[in-house]
Amino acid sequence: MESPIQDTVETRVQSVLAKIRAATEKAGRPAGSVRLVAATKTVAIPQIAEGVRAGLSILGENRVQEALTKIPAFNHSQVQWHFIGQLQRRKVRSVVGVFNLIHSVDSLELAQEIDRRAGDAGHKQDVLLEVNIGNEPTKAGLRPDDVPDIVSVMARLPHVSIKGLMAIPPPTGDPESARPYFRKLKGLAKLIDAQHLPSVKMEELSMGMSNDYEVAIEEGATLVRVGSAIFGARHV
Ligand SMILES: *Cc1c(COP(=O)(O)O)cnc(C)c1O
């Protein structure tokens with residue numbers, strides 16, 4: 001049950017930020033090495049603004065159209081926008097340069113389109129590669145076994161900068177059951193770093209959501225994507 005008095009976006013933001021700090025410290029990792037991406041799909045601008053006043057500084061959107069209506073309502077010096085949803089190639093032109101980081105590059109063709117559009121705009125786009133870490137048949141993302149080869153090809157794209165990996169483990173109610181998948185993503189990042197590709201450095205691991213972000217932090221997450229723990233359950 002939600003408490004009607006205490007449970008506001010503001011108190012939830014503060015609580016999630018405190019838990020991130022505690023989990024970071026408990027894992028023996030440097031303060032500030034984990035950043036919160038607030039997943040704001042379906043959340044209205046006033047609620048997002050309340051979150052920003054409470055300390056959110058990175059907002060993650062899933063749909064291009066929805067994001068483009070929200071972005072102008074916020075001050076660019078105050079917040080960064082990340083794209084975390086599935087990205088269609090025909091929408092790439094609208095996202096390049098608008099989002100500081102695209103978490104969800106899941107094919108070579110998408111990376112090539114980002115490279116082309118970023119080149120047109122005189123921009124270098126930071127991206128993460130989304131990995132289907134549980135090899136789920138219906139989920140987006142690169143197959144883990146394919147990632148090392150694909151990265152070596154993508155590394156040659158001049159207007160794309162590969163910053164790390166992102167994954168959404170198979171859904172279960174139990175955060176502990178996500179741990180092996182987080183560990184596997186970290187292992188894959190290490191494998192890629194060991195390839196020593198020019199301009200590829202696995203600086204970011206985007207993993208962990210409302211149910212399991214503390215476990216993800218223990219396993220090396222640098223970006224956690226948290227929605228319902230901040231804004232409440234989504235009804236749409
Ligand atoms: C919605 C969403 C989240 C946040 O999920 P919660 O369980 O609400 O925290 C994280 N990542 C992606 C890609 C999402 O679409």
Side-chain angles (χ1 to χ4, degrees), residues 2 7-20 23 34-45 47-48 50-52 54-68 70-71 79-88 91 95 99-107 110 126-134 136 138-142 163-179 181-182 185 204-236:
E2 289 178 281
D7 226 12
T8 63
V9 168
E10 183 184 359
T11 57
R12 292 194 203 119
V13 167
Q14 287 161 354
S15 154
V16 170
L17 288 171
K19 286 180 185 169
I20 289 172
V34 182
R35 294 183 294 157
L36 171 61
V37 179
T40 48
K41 58 175 174 280
T42 78
V43 181
I45 289 169
Q47 280 72 51
I48 302 173
E50 186 183 347
V52 170
L56 297 179
S57 57
I58 307 175
L59 306 175
E61 280 282 334
N62 290 66
R63 289 182 200 90
V64 176
Q65 238 33 59
E66 184 180 339
L68 295 180
K70 293 174 179 176
I71 290 172
V79 296
Q80 280 193 10
W81 293 87
H82 288 190
F83 194 79
I84 63 175
Q86 197 157 12
L87 181 57
Q88 292 164 291
K91 301 272 176 75
V95 307
F99 291 88
N100 299 80
L101 183 65
I102 300 171
H103 290 225
S104 44
V105 173
D106 61 359
S107 71
L110 181 59
D126 287 348
V127 304
L128 307 180
L129 306 187
E130 181 171 357
V131 181
N132 183 356
I133 200 69
E136 294 172 271
T138 58
K139 193 168 264 177
L142 298 162
K163 296 289 184 188
L165 305 178
M166 180 271 235
I168 306 171
T172 61
D174 172 21
E176 277 305 321
S177 62
R179 189 184 296 276
Y181 296 105
F182 296 146
L185 193 70
E204 305 285 359
L205 279 181
S206 170
M207 57 188 194
M209 314 200 292
S210 291
N211 276 332
D212 53 21
Y213 64 90
E214 289 162 289
V215 173
I217 290 169
E218 290 172 19
E219 298 302 330
T222 65
L223 293 164
V224 292
R225 309 176 312 270
V226 178
S228 50
I230 294 171
F231 298 108
R234 288 177 293 273
H235 304 291
V236 274

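Both ligands and their constituent atoms are indexed starting at 1 by order of listing. Note that this is a predicted model, so its numbers are computed, not measured. In what follows, residues are counted from 1 in the order of the sequence shown.
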- Message: Please verify the inter-ring angle class for Phe99 with Phe83; under 30° counts as parallel, over 60° as perpendicular, anything in between as tilted.
- Response: perpendicular
- Between Val226 and ligand 1, does any nitrogen or oxygen pair lie at a separation below 3.5 Å? no
- Note on the structure: Nearest non-hydrogen protein atom to atom 13 (C) of ligand 1, with distance, is Ile84 O, 3.4 Å
- Contact atoms of ligand 1, heavy-atom distance to Asn62 under 4.0 Å: 14 (C), 15 (O)
- re atom 1 (C) of ligand 1, the protein heavy-atom contact at minimum distance is Lys41 NZ, 1.2 Å
- Taking the side chain from Ser206 and the backbone from Met166, do they hold a donor-acceptor pair closer than 3.5 Å? no
- Quick one: does ligand 1 sit under 4.0 Å from the side chain of Ala39, the backbone, both or neither, non-hydrogen atoms only? side chain
- Message: side chain to side chain donor-acceptor pair (under 3.5 Å), that's the test. Do Glu130 and Ser104 meet it? Break it down for me.
- Response: CA-CA 5 Å; Glu130 181 171 357; Ser104 44; 4.8 Å; no
- atom 10 (C) of ligand 1 sits nearest the protein heavy atom Met209 SD, 3.1 Å
- Measure the distances from the heavy atoms of His103 to every atom of ligand 1 and state whether one is below 4.0 angstrom. no
- Hey, is the main chain of Pro169 close enough, under 3.5 Å, to the side chain of Lys139 for a donor-acceptor pair? yes
- Leu128 side, atom CG; Met207 side, atom CE - distance, nearest 0.5 Å: 12.0 Å
- Does Thr40 reach the main-chain N or O of Val43 with its side chain, forming a donor-acceptor pair under 3.5 Å? no
- Message: Students should be able to answer this: which protein heavy-atom is nearest to atom 9 (O) of ligand 1, and at what distance?
- Response: Ser210 OG, 2.5 Å
- Hey, which atoms in ligand 1 end up nearer than 4.0 Å to a heavy atom of Gly227? 4 (C), 6 (P), 8 (O), 9 (O)
- Query: How far does OG1 of Thr42 sit from CD of Gln47, to the nearest 0.5 angstrom?
  - Reply: 10.0 Å
- atom 11 (N) of ligand 1 [closest protein heavy-atom partner, distance rounded to 0.1 Å]: Arg225 NE, 2.8 Å
